[in-house]
Amino acid sequence: MSDNYLTIALGKGRLAKKTMKLFEKIGITCTEMENPKTRKLIFVNEEARLKFFLAKVPDVPTYVEYGAADIGVVGLDTILEENRNIFEVLDLGFGKCKMCICGPASAKELLNGKEIIRVATKYPKIAKDYFYNRKSQTVDIIKLNGSIELAPILELSDVICDIVETGTTLRENGLTVLEEVCDLSARVVVNEVSYRMEYDRITDIVSRLKGALED
Ligand code: PRP
């Protein structure tokens, strides 16, 4: 934010690749970033005066809130979980999936009762909000960092609160969707100060991205 570059934070992984493809569509390329061997962290497009960097997905809203990145691209799941002070300006419509409560079919009745059940998740804030505020059910939330489907299989938890995309992971592990929490997709987020100071440049990029989505 200190020079006249706009800095864009992307979460490492699937969304970053799709996002760079979209930037390519509006004529902004960053070929260096596609080199799988590179250990570089920041990639500059001099012509467009843009800097891109790859961060761990949950860190993207943090970089944007503090202004270390002017713009970020991240899933709504991460936005909800991190709960940072950032502006969400565009739904990119890709990376579509759902946040769901899943488990063995036999766990369905536990979601209608008032007993305290165990919920394993990578998203404790989203799970807490869903059970406490939307369902008024007291639960014991167990934070895990991945392969969440293991939890009910190994009886660490009764259910999980996790992302379902194709449903393959659930199917192959004998689990099912019990309740849907919300729809998710990739979003463009912006630092609040940058949005005011660099309004024209940021809205120009955002509207071009939006146009490219509609093509
Ligand atoms: C996500 C999610 C599910 C899986 C869902 O995990 O947590 O496990 O994808 O996708 P599906 O419905 O298409 O099978 P991810 O691959 O991000 O890895 P993780 O389990 O380590 O979080």
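One-based numbering along the sequence shown. These values consider heavy atoms only, across backbone and side chains, with no hydrogens, waters or symmetry-generated copies. Counting starts at 1 for both ligands and their atoms, in listed order.
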- Salt bridge or not for Arg118 and Glu155, using N-O below 4.0 Å? no
- Message: According to a hydrophobic-cluster definition based on side-chain heavy atoms being under 4.5 Å apart (Ile, Leu, Val, Met, Phe, Trp, Tyr only), do Val74 and Phe23 belong together?
- Response: no
- Note: Lys125-Asp129 ion pair, threshold 4.0 Å (strictly below): no
- Identity and distance of the protein heavy atom lying nearest atom 7 (O) of ligand 1: Asp162 OD2, 2.8 Å
- Message: Counting non-hydrogen protein atoms only, what is the nearest one to atom 13 (O) of ligand 1? Give residue, atom name and distance.
- Response: Thr166 OG1, 2.5 Å
- Query: Centres of the Phe87 and Tyr195 rings: under 6.0 Å?
  - Reply: yes
- Query: In terms of side-chain geometry, is the basic nitrogen of Glu179 or Lys135 positioned less than 4.0 Å from the acidic oxygen of its partner?
  - Reply: yes
- Item | Identity and separation of the nearest protein heavy atom to atom 22 (O) of ligand 1 | Lys122 NZ, 2.6 Å
- Query: N/O of Val164 under 3.5 Å from N/O of ligand 1, yes or no?
  - Reply: no
- Query: Counting only heavy atoms not in Phe94, do more than 12 fall under 6.0 Å of its CZ?
  - Reply: yes
- Message: Can you tell me which residue among Asp140, Leu110, Asp158 is in a side-chain contact (heavy atoms from CB on, under 4.5 Å) with Ile116?
- Response: Asp140
- Item | Identity and separation of the nearest protein heavy atom to atom 19 (P) of ligand 1 | Ser147 N, 3.6 Å
- Item | Nearest-contact summary for atom 15 (P) of ligand 1 - protein heavy atom, Å | Arg14 NH2, 3.9 Å
- For atom 5 (C) of ligand 1, grab the closest protein heavy atom and report residue, atom and distance to one decimal in Å. Ile163 O, 3.4 Å
- Message: Any protein heavy-atom neighbour for atom 17 (O) of ligand 1 (distance below 4.0 angstrom)?
- Response: yes
- Task: Give the residue and atom name of whichever protein heavy atom lies nearest to atom 14 (O) of ligand 1, and the separation in Å to one decimal.
- Result: Thr169 OG1, 2.4 Å
- Task: Please could you name the atoms of ligand 1 that Glu149 approaches to less than 4.0 Å, counting only its heavy atoms?
- Result: 3 (C), 8 (O)
